[in-house]
Amino acid sequence: MLHIVNKSPLERPSLDTVLQAGADGAILLIEDGVYAATRGNAVEDRLKKAMGTLKVYALGPDLDARGVADRLTEGVTVVGYDGFVDLVAEYKTNQSWL
Amino acid sequence: MLHIVNKSPLERPSLDTVLQAGADGAILLIEDGVYAATRGNAVEDRLKKAMGTLKVYALGPDLDARGVADRLTEGVTVVGYDGFVDLVAEYKTNQSWL
Amino acid sequence: MTTKKFMIVNRKAPYGTVYALESLEVVLIGAAFEQDVSLAFMDDGVYQLKKGHQTKGIGMKAFEKTYGALEDYDVTKLYVDQESMAARGLTPEDLCVPVEMMPRADLGKLMEDQDVVLSF
Amino acid sequence: MTTKKFMIVNRKAPYGTVYALESLEVVLIGAAFEQDVSLAFMDDGVYQLKKGHQTKGIGMKAFEKTYGALEDYDVTKLYVDQESMAARGLTPEDLCVPVEMMPRADLGKLMEDQDVVLSF
Amino acid sequence: MILSILVNEGPYTHQASDSAYQFAAAALAKGHEIFRVFFYHDGVNNGTRLTTPPQDDRNIVSRWSKLGEEHKLDLVVCVAAAQRRGIVDEGEARRNGKDATNLAPGFRISGLGQLIEAGIQSDRTVTFGD
Amino acid sequence: MILSILVNEGPYTHQASDSAYQFAAAALAKGHEIFRVFFYHDGVNNGTRLTTPPQDDRNIVSRWSKLGEEHKLDLVVCVAAAQRRGIVDEGEARRNGKDATNLAPGFRISGLGQLIEAGIQSDRTVTFGD
């Protein structure tokens with residue numbers, strides 16, 4: 001399934017909960033959630049470890065807005081709003097971890 | 001000074017930030033912040049440790065509403081809204097850690 | 001009418017925000033539409049089920065008894081995340097209704113099996 | 001008019017919520033009232049100062065340049081929490097304006113010295 | 001594919017409504033159908049026509065109204081949430097004795113059943129909130 | 001002692017407005033003076049007279065209006081935040097070409113300077129928000 005995370009990983013437990021609950025499928029980081037996909041963030045190692053089983057996407061416009069597009073963690077795929085729509089279509093179930 | 005914390009300690013970093021920034025004075029836990037003052041919560045030890053230098057208060061009506069008044073961590077003083085007002089008056093500066 | 005699997009995921013404490021209350025309204029309407037509705041409680045959401053809400057002092061209406069009434073609406077699937085309970089020092093005896101405790105990873109698998117997941 | 005020490009504490013990331021933008025409006029008005037205004041950036045608030053905001057894709061107005069203009073309003077006290085920067089892999093070179101980095105405990109002491117602390 | 005969107009936060013304070021709008025626009029551009037956009041919780045505040053955002057900022061409400069008009073979208077504001085927060089159309093004003101209305105063009109007020117129905121009728125439902 | 005209160009969230013969604021109200025009532029009961037209650041961010045939504053909460057629930061808006069009337073409180077809604085969110089009095093409606101108003105009795109709309117002034121004139125300023 002598709003897990004949509006819109007919260008900063010240092011501000012809310014959402015991402016950690018997903019990493020522990022999400023067996024496979026994908027995580028899409030949007031809004032303040034994109035900070036999780038930046039190099040040097042305290043969750044970097046946990047996110048990289050999860051990439052063994054979960055695909056990780058980050059929303060490009062949100063990375064750009066926050067000035068962190070050039071700090072993308074290796075292995076994260078950047079998508080636009082159209083890619084966001086494609087991911088929703090691809091996975092039968094999605095959940096926004098508000 | 002008086003630090004007012006209205007967020008659950010497992011949901012936001014507010015309390016931990018206060019515990020690291022607050023030299024002395026007092027912490028008043030209100031709203032979802034009162035969960036920090038309950039026995040068995042993962043922050044219990046950190047809160048107790050801080051009590052050496054910081055006084056810790058919790059708002060009674062918020063403890064009652066959440067059904068946790070009987071789980072109060074030892075050393076925490078319960079106040080009502082009138083006690084909240086007194087604490088604000090007592091300390092020259094207060095800050096709400098939103 | 002088509003029956004779909006709806007899971008309402010509750011991850012926020014009660015009273016500090018309105019989400020717990022307004023998510024219950026979704027549950028009841030989902031049941032009225034005869035959908036296959038389940039509830040998951042994770043992170044601070046497990047606090048919603050802590051028994052003994054006494055809200056007079058904050059001037060709000062307590063909605064604890066609504067959880068007990070869910071059975072009357074044939075809503076019986078209440079899943080609670082074990083890890084979230086442990087981090088808060090809670091046990092099933094602390095809760096106002098009987099629930100099924102499960103490890104976070106199992107709860108995750110259950111989500112995969114849903115048609116619609118609404119998260120509050 | 002009386003001059004008081006106002007500290008505006010920013011602890012939230014920009015764009016995900018409006019607080020960063022609306023807190024800047026408070027700063028500017030505080031300066032217009034000739035108050036002794038300082039800004040503290042802690043937790044996700046340090047992200048407000050990350051340089052290179054490109055907001056066209058999300059359809060919002062970037063307000064990065066307002067931080068650079070604060071000096072024109074004699075607002076020059078910008079304090080940044082060292083621990084928050086480190087946890088996010090940020091260094092002063094990543095920020096859009098010069099700031100004073102300080103350990104969390106020192107920032108706490110600075111707060112004690114204020115008359116009014118407004119937190120967003 | 002048939003999509004529905006749930007918006008749980010109001011305009012400007014959280015990015016939720018912005019993200020939902022961009023998602024909706026992208027989905028429509030790709031040829032997907034949007035069965036319904038449902039506004040719940042503070043999301044109902046997206047449906048007031050009384051906002052006057054700064055000239056150089058986006059107008060979140062009128063942007064929804066316009067997208068709705070162009071694509072015949074069903075923009076539904078939850079009645080119970082709207083009553084708590086003061087979003088009112090003519091019927092609500094009459095029923096509740098209010099002397100003014102503020103619902104924006106293209107929105108309608110209806111029950112929470114519309115959200116469940118959206119979940120049933122759509123291939124995917126996506127939530128935006130805080 | 002002279003107190004002022006800053007309310008940053010709207011009614012019902014967050015407890016902020018409830019806590020602020022209880023704090024204000026307790027302060028007044030103790031004989032303190034409240035110089036001003038300032039509503040900022042989504043807090044401006046506390047100032048709409050169009051809410052109709054459930055009969056068995058508290059009415060957050062009218063409760064503020066009533067406390068304001070009883071104690072001659074200065075309940076100020078920030079104009080910039082109000083414009084973004086659609087809180088309108090007659091002057092604002094005229095200036096911005098709106099066909100309705102929704103400001104509740106006892107509230108007034110004014111600038112952010114009123115918040116700074118409150119901070120200056122009060123012995124304590126307390127913030128309630130999310």
Side-chain angles (χ1 to χ4, degrees), chain B residues 4-16 27-49 57-87 96-98, chain C residues 9-24 40-68 78 80-99 101 104 119-120:
Chain B
I4 304 167
V5 176
N6 74 336
K7 291 291 175 291
S8 163
L10 303 181
E11 181 66 24
R12 301 282 186 100
S14 311
L15 181 69
D16 279 322
I27 297 179
L28 171 63
L29 302 166
I30 69 168
E31 301 177 358
D32 290 345
V34 299
Y35 290 118
T38 58
R39 284 193 307 275
N41 187 294
V43 295
E44 185 178 359
D45 287 345
R46 299 206 290 282
L47 192 73
K48 277 186 171 168
K49 209 179 137 195
Y57 299 88
L59 197 64
D62 280 322
L63 287 164
D64 292 338
R66 289 159 182 81
V68 294
D70 60 349
R71 303 174 71 87
L72 198 71
T73 300
E74 208 184 327
V76 176
T77 306
V78 176
V79 296
Y81 289 105
D82 55 342
F84 184 173
V85 173
D86 291 342
L87 284 168
S96 293
W97 291 78
L98 305 178
Chain C
V9 181
N10 300 286
R11 295 182 48 252
K12 288 170 182 156
Y15 307 112
T17 54
V18 80
Y19 302 105
L21 171 64
E22 292 192 326
S23 100
L24 271 173
F41 297 88
M42 306 181 79
D43 292 328
D44 271 4
V46 301
Y47 282 133
Q48 296 179 19
L49 300 176
K50 173 69 182 70
K51 66 181 163 197
H53 296 177
Q54 298 289 344
T55 55
K56 201 178 164 213
I58 60 169
M60 292 191 198
K61 197 177 63 162
F63 49 88
E64 178 181 346
K65 62 178 187 293
T66 310
Y67 296 106
L78 278 68
V80 169
D81 176 45
Q82 233 163 49
E83 285 90 330
S84 300
M85 292 284 281
R88 288 157 186 82
L90 296 175
T91 63
E93 291 70 45
D94 294 314
L95 306 186
C96 64
V97 285
V99 298
M101 292 262 283
R104 188 163 290 186
S119 188
F120 297 110

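Note on naming: letters A, B, ... go to the chains in the order of the sequence lines (proteins, then strands), and numbering restarts at 1 for each one.
Contacts between B:Arg66 and chain C at a heavy-atom distance below 4.5 Å involve backbone atoms as well as side-chain atoms.
The pair C:Lys56-B:Asp64 does not count as a salt bridge, with every side-chain nitrogen at least 4.0 angstrom from each carboxylate oxygen.
Top candidate by heavy-atom pairs under 4.5 Å with chain B, chosen from C:Ala87, C:Ala86, C:Cys96, is C:Ala87. For chain C, the option among B:Asn41, B:Leu59, B:Asp70 with the highest count of heavy-atom pairs below 4.5 Å is B:Asn41.
Each of B:Arg12, B:Lys7, B:Glu11 was evaluated against C:Asp44; a single residue qualifies, B:Glu11, per the side-chain contact (heavy atoms from CB on, under 4.5 Å) test.
The nearest pair of heavy atoms linking C:Gly57 to B:Tyr81 is O-CE1, 3.5 Å. Across all their heavy atoms, C:Arg88 and B:Arg71 have their closest contact at O-NH2, 4.3 Å. Here the closest non-hydrogen pair linking C:Tyr15 and B:Ala65 is CE1-O, 3.4 Å. Shortest non-hydrogen contact noted between C:Pro14 and B:Asp32 is O-OD1, 3.6 Å.
Expressed to the nearest 0.5 Å, how far CG of B:Leu63 lies from CD of C:Gln54 amounts to 12.5 Å.
For the pair B:Asp62 and C:Ile58, the minimum side-chain heavy-atom distance is below 4.5 Å.
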